[in-house]
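Report on one structure; see the data block that follows.
Order of the sequence lines fixes the chain letters, A, B, ..., with proteins taken first and strands second; residue numbering starts at 1 for each chain. This one's a predicted model, so the numbers in the text were calculated from it and none came from an experiment. These numbers come from the heavy atoms of this one structure, side chains and all, not from hydrogens, waters or symmetry mates.
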Amino acid sequence: MPEILEAETARLLIEKRALNREIISVDARDAWYLKQGLTPRAARAALPGRKFVAARRRGKQLFLDTDGDGPVVGFHLGMSGRVVIDDAAAGDPLLYASNRDVKDWYRFSLGFADGGQIALRDPRRLGAVVFDADEDRLGPDALELTRDQLRTAVATSRAPLKAVIMDQHRIAGLGNLLADEALWRSDLDPARSANSLTATEQARLHRTIRTTLRTLGRRGGSHTGDLMVARVPGGMCPRDGAPLRRRTVGGRTTYSCPVHQV
DNA sequence: GATGACCTGTGA
DNA sequence: TCACAGGTCATC
């Protein structure tokens, strides 16, 4: 996904199009896609006759509440998953992932009594469907992040700053592109140890995460950052023209400006 | 904490 | 054929 902005787009689509429609069938043809002990049989036993009554999100994860004593259905989009309702796919085309509509990529779908359907289409199969996930394993949602929460997240770890803000247990929602963009806008080196930030830098990072999410959300997604155009080998910093540095930080490909990110 | 594993498609 | 991909998990 699919970072927090795409997850929110998917949540909005679900909220608008999938609530209060009676589920009558379950197509869990890819049993591997069901995680945390969920089986196709259990899904078929639990969902028909129910409807979704709320679509919630924390970080990149989606939680669909069902009526009565039904399960909370968790959707996780992995690297390439998208929510498709009837014939509408949520969000902009994904980079780094195919957007073709291939039948084989429908890993999980639910049919509605009115003839429509909600489905997860995921070429890479790194997403998941779960029931009744432990939502509190995730940290505070990045879109609602307070300054105190940011301070707590970074002050308690000496891991690289980027690894810490991408750690879903500490802050839920930031992925590789958003983390690079926010750090680039914050003038902070992704490899610095998180607990080395001064109070001023923490405040700046907090403010920047918020404005980055707001701005890129308005533009249409995680791939619309200013750094994206330069996020290629040999790319130049859009702000000061310096050659960008490309390396691995926190296990992920990372682009940063050696001149203004310190 | 860094690393490799999971899985599959795409483009060089 | 290879490197690489907006994510997470277990393991050294």
Q) Are A:Thr198 and A:Gln202 close enough that some pair of their side-chain heavy atoms sits under 4.5 Å apart? A)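 No, too far: nothing below the 4.5 Å cut-off.
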Closer than 4.0 Å, any side-chain N/O of [X] to the OP1 or OP2 of [N]?
X	N	result
A:Gln168	C:dG7	no
A:His76	C:dT8	yes
A:Trp32	B:dC6	no
A:Lys60	C:dT8	yes
A:Arg125	B:dT8	yes

Spacing between [X] atom [atom1] and [N] atom [atom2], to the nearest angstrom:
X	N	atom1	atom2	answer
A:Trp105	B:dG9	CH2	P	6 Å
A:Asp104	B:dC7	CG	C1'	14 Å
A:His223	C:dC4	NE2	P	22 Å
A:Arg124	C:dT8	CZ	C1'	11 Å
A:Gln61	C:dG7	CD	C1'	10 Å
A:Arg121	B:dG9	CZ	P	13 Å
A:His169	C:dT8	NE2	C1'	8 Å
A:Arg231	C:dC4	CZ	P	13 Å

Q.
Base, sugar-phosphate or nothing for A:Thr253? Non-hydrogen atoms, less than 4.0 Å.
A.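 Here A:Thr253 touches the backbone only, sparing every base.
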Q.
If the condition is salt bridge (charged side-chain N to carboxylate O under 4.0 Å, His left out), which residues does A:Arg247 pass it with, not counting sequence neighbours?
A.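 If we apply the salt bridge (charged side-chain N to carboxylate O under 4.0 Å, His left out) test to A:Arg247, skipping adjacent residues, the hits are A:Asp189.
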Any salt bridge between [X] and [Y], counting N to O under 4.0 Å?
X	Y	result
A:Arg252	A:Asp180	no
A:Glu22	A:Arg50	no
A:Lys60	A:Glu3	no

Q) Name the stems with DNA chain C in them: runs of three or more consecutive Watson-Crick or G-U pairs, distances under 3.5 Å? A)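 Looking at DNA chain C, the stems formed by three or more consecutive pairs are B:1-6 with C:7-12, B:8-12 with C:1-5.
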So which atom in [X] and which in [Y] form the shortest heavy-atom distance, rounded to 0.1 Å?
X	Y	value
A:Leu47	A:Pro71	CD2-CG, 4.0 Å
A:Ile171	A:Ala142	CG2-CB, 4.0 Å
A:Leu227	A:Pro238	CD1-CD, 4.3 Å

Q) If each of A:Arg246 and A:Arg137 is mapped to the nucleotide of DNA chain C with the nearest heavy atom, which maps nearer the 5' terminus, i.e. the 5' end? A)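 Closer to the 5' end of DNA chain C: A:Arg246.
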Q | Of the listed nucleotides B:dG1, C:dT8, B:dT8, the one nearest the side chain of A:Arg252 | A |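 The answer is C:dT8, which lies nearest to the side chain.
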Q: Tell me which nucleotide among B:dG9, C:dA5, B:dG1 gets nearest to the side chain of A:Ala159.
A: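 Nearest nucleotide to the side chain: B:dG1.
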Q | Nearest-Å distance once atom P is located in both C:dT11 and B:dC7 | A |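 Taking atom P in both C:dT11 and B:dC7, they lie 15 Å apart.
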